[in-house]
Amino acid sequence: MKVDTGHGPDLRRPAVVVAIALPVLLAVVVAVLGLTFRGRGTEAAPAPVPAETGPLAVPPVGATDGGSAGCVSLLAALPKELPADPDPLPARPIAAPSEAGVAAWAASPRPVVLRCGLPRPAGSCRRPRSPTSTA
């Protein structure tokens with residue numbers, strides 16, 4: 001017969017050991033994670049990469065009408081800077097050799113490129129639209 005001495009639970013029993021160790025382990029893990037990730041998210045965002053402004057190499061795509069009167073007048077009417085937030089995008093020169101009908105503006109991470117004189121995609125509307133038409 002076993003005599004109860006009243007000194008507390010018997011720590012040799014596996015269930016009692018797990019019942020005590022598991023909450024202690026959980027508290028330690030939460031404390032370590034809290035200390036590890038406490039400063040995360042407070043760092044300043046990395047500075048944006050400045051846009052390249054040198055000549056842009058634009059691969060040819062077969063813009064057969066790039067030198068047409070419509071494309072020439074469109075390119076002549078384009079602004080030197082495109083409005084953007086927070087600063088306007090400056091025009092970017094096109095590297096030689098290049099097809100006619102191409103304009104570009106410096107933007108980060110990729111430049112803005114306009115191509116004129118490309119053939120219409122199959123299945124597109126057949127009626128040309130003016131810049132102010134709605135449908």
Side-chain angles (χ1 to χ4, degrees):
M1 176 173 200
K2 211 174 197 188
V3 177
D4 185 12
T5 59
H7 293 297
D10 185 6
L11 295 179
R12 290 176 295 197
R13 290 186 174 164
V16 173
V17 172
V18 170
I20 293 172
L22 197 56
V24 171
L25 180 62
L26 179 62
V28 169
V29 168
V30 168
V32 168
L33 289 174
L35 291 173
T36 302
F37 294 109
R38 176 177 24 176
R40 301 269 171 115
T42 59
E43 296 92 16
V49 177
E52 292 184 36
T53 56
L56 178 65
V58 180
V61 294
T64 56
D65 293 332
S68 68
C71 285
V72 170
S73 65
L74 171 69
L75 292 175
L78 291 174
K80 294 296 178 196
E81 292 184 331
L82 286 181
D85 188 29
D87 298 317
L89 305 177
R92 190 163 170 190
I94 305 299
S98 69
E99 286 184 318
V102 180
W105 293 267
S108 182
R110 294 187 192 115
V112 176
V113 177
L114 177 130
R115 290 183 182 261
C116 183
L118 296 170
R120 287 191 185 275
S124 66
C125 67
R126 301 196 190 290
R127 181 176 58 98
R129 294 184 179 156
S130 69
T132 58
S133 64
T134 57

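- Contact check for Leu74 versus Leu114: side-chain heavy atoms found under the 4.5 Å cut-off.
- The two atoms that bring Gly101 and Leu75 nearest to each other are CA-CD1, 3.5 Å, heavy atoms only.
- Taking 4.5 Å as the limit, some side-chain heavy atom of Ile94 sits within range of a side-chain heavy atom of Ser98.
- Cluster membership for Leu78 and Val113, using ILVMFWY side-chain heavy atoms within less than 4.5 angstrom, is not shared.
- The heavy-atom pair separating Cys71 from Gly117 by the smallest distance is SG-N, 3.3 Å.
- Closest of all the heavy-atom pairs between Gly67 and Ala100 is N-CB, 3.7 Å.
- Rounded to the nearest 0.5 Å, atoms OG1 (Thr64) and CD (Glu99) are 9.0 Å apart.
- Rounding to the nearest 0.5 Å gives a distance of 13.5 Å between CG of Leu82 and CZ of Arg92.
- For Glu81, the CD atom sits in a packed shell: over 12 heavy atoms of surrounding residues, nucleotides or ligands are nearer than 6.0 Å.
- One finds the CG atom of Asp87 at 8.5 Å from the CG atom of Asp85 (value rounded to the nearest 0.5 Å).
- A pairwise comparison of heavy atoms in Gly62 and Pro119 identifies O-CD, 4.1 Å as the closest pair.
- Residue Trp105 comes nearest to Leu89 through the heavy atom pair CD1-O, 3.5 Å, listed as atom of the first residue, atom of the second, then distance.
- Pairing each heavy atom of Ala57 with each of Pro59, the nearest pair is O-CD, 3.8 Å.
- There is no path of hydrophobic side-chain contacts, each under 4.5 Å, that joins Val28 to Ile20.
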